[in-house]
Amino acid sequence: MRPGRLGFALPAAAAAALALAGPASAAPRVYTIEIKAMKFAPVPAGLHVGDQIVWINHDMFRHTATAVDRSFDVDLQAGQSGRIVLRKPGAIAFSCKFHPGMKGVLNVGR
């Protein structure tokens, strides 16, 4: 083989391997859910496994964001924030342990 051909064959093989690998999955995203006036802000759409939720408590009361299935439990003093990583797909209902009327559902895709 001539030296010029080897240099061409490697990039072509690499391009073919990338084409067979398929599309890359989206990078995890960070979403925020604020707590104000004894309510959770609307839950963002388009959540996926691996994404992060940052919970921010703007109230003067202590709150939690606690999954009904116990997959997460974030305890937030007044003015604090906490973070979770979504580990499984599905509808994950959550509420505040101290204020049961505060509820929501995270709809997590794969």
Side-chain angles (χ1 to χ4, degrees):
M1 220 189 243
R2 293 185 295 190
R5 286 188 165 201
L6 182 59
F8 175 75
L10 290 177
L18 287 174
L20 292 174
S25 60
R29 297 186 64 186
V30 178
Y31 296 91
T32 300
I33 298 178
E34 296 181 326
I35 301 168
K36 291 182 181 177
M38 304 290 288
K39 295 179 185 174
F40 290 105
V43 173
L47 299 173
H48 293 91
V49 170
D51 289 346
Q52 295 182 37
I53 303 288
V54 176
W55 306 85
I56 303 174
N57 181 4
H58 293 289
D59 277 346
M60 57 191 239
F61 305 104
R62 180 179 175 192
H63 293 295
T64 70
T66 305
V68 172
D69 68 3
R70 301 176 193 218
S71 60
F72 61 85
D73 185 11
V74 181
D75 193 339
L76 301 163
Q77 296 291 335
Q80 286 188 332
S81 65
R83 182 179 300 252
I84 64 166
V85 175
L86 300 172
R87 302 273 182 214
K88 64 179 189 168
I92 305 169
F94 64 90
S95 65
C96 174
K97 286 193 264 188
F98 306 116
H99 309 100
M102 295 175 58
K103 298 179 181 184
V105 176
L106 301 175
N107 290 304
V108 182
R110 293 199 181 273

Minimal non-hydrogen separation, [X] against [Y], with atom names:
X      : Y      : result
Val49  : Val108 : N-CG1, 3.6 Å
Ala91  : Asn107 : CB-OD1, 3.5 Å
His99  : Phe61  : CE1-CB, 4.4 Å
Arg83  : Val30  : NH1-CG1, 4.0 Å
Pro28  : Gly50  : CB-O, 3.2 Å
Lys103 : Phe40  : N-CD1, 3.9 Å

Pairwise side-chain contact, [X] with [Y], heavy-atom cut-off 4.5 Å (strictly under):
X     : Y     : result
Met38 : His63 : yes
Thr64 : Asp73 : yes
Lys97 : Asp75 : no

Single hit among Glu34, Gln80, Lys36 for side chain to side chain donor-acceptor pair (under 3.5 Å) with His58: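 Of the listed residues Glu34, Gln80, Lys36, the side chain to side chain donor-acceptor pair (under 3.5 Å) partner of His58 is Glu34.
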task: Using side chain to side chain contact (heavy atoms under 4.5 Å, CB included) as the criterion, point out the one residue from Leu86, Val85, Leu47 that pairs with Gln52.
output: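 Between Gln52 and the candidates, side chain to side chain contact (heavy atoms under 4.5 Å, CB included) is satisfied uniquely by Val85.
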- prompt: With Phe94, which of Val43, Asp69, Thr66, Ile53 fulfils side chain to side chain contact (heavy atoms under 4.5 Å, CB included)?
  reply: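 Result for side chain to side chain contact (heavy atoms under 4.5 Å, CB included) with Phe94: Val43.
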task: Nearest 0.5 Å please: distance from the CD1 atom of Ile92 over to the CD1 atom of Ile84.
output: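 Atom-to-atom, Ile92:CD1 and Ile84:CD1 are 7.0 Å apart.
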query: Rounded to the nearest 0.5 Å, how far does CD1 of Ile35 lie from OG of Ser81?
result: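 Between atom OG of Ser81 and atom CD1 of Ile35 there are 10.5 Å.
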- prompt: With hydrophobic residues grouped by side-chain heavy-atom distances under 4.5 Å, do Ile56 and Val74 end up in a single group?
  reply: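 No, it is not one cluster - the side chains of Ile56 and Val74 are not joined through contacts under 4.5 Å.
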message: Test: ring-ring contact (aromatic ring centres under 6.0 Å, His included). Region: residues 67-89. Which pairs qualify, not counting sequence neighbours?
response: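 Output for this query lists Trp55-Phe72.
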query: What salt bridge (charged side-chain N to carboxylate O under 4.0 Å, His left out) pairs are there with at least one residue in residues 44-60, not counting sequence neighbours?
result: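 Residue pairs passing salt bridge (charged side-chain N to carboxylate O under 4.0 Å, His left out), neighbours aside: none found.
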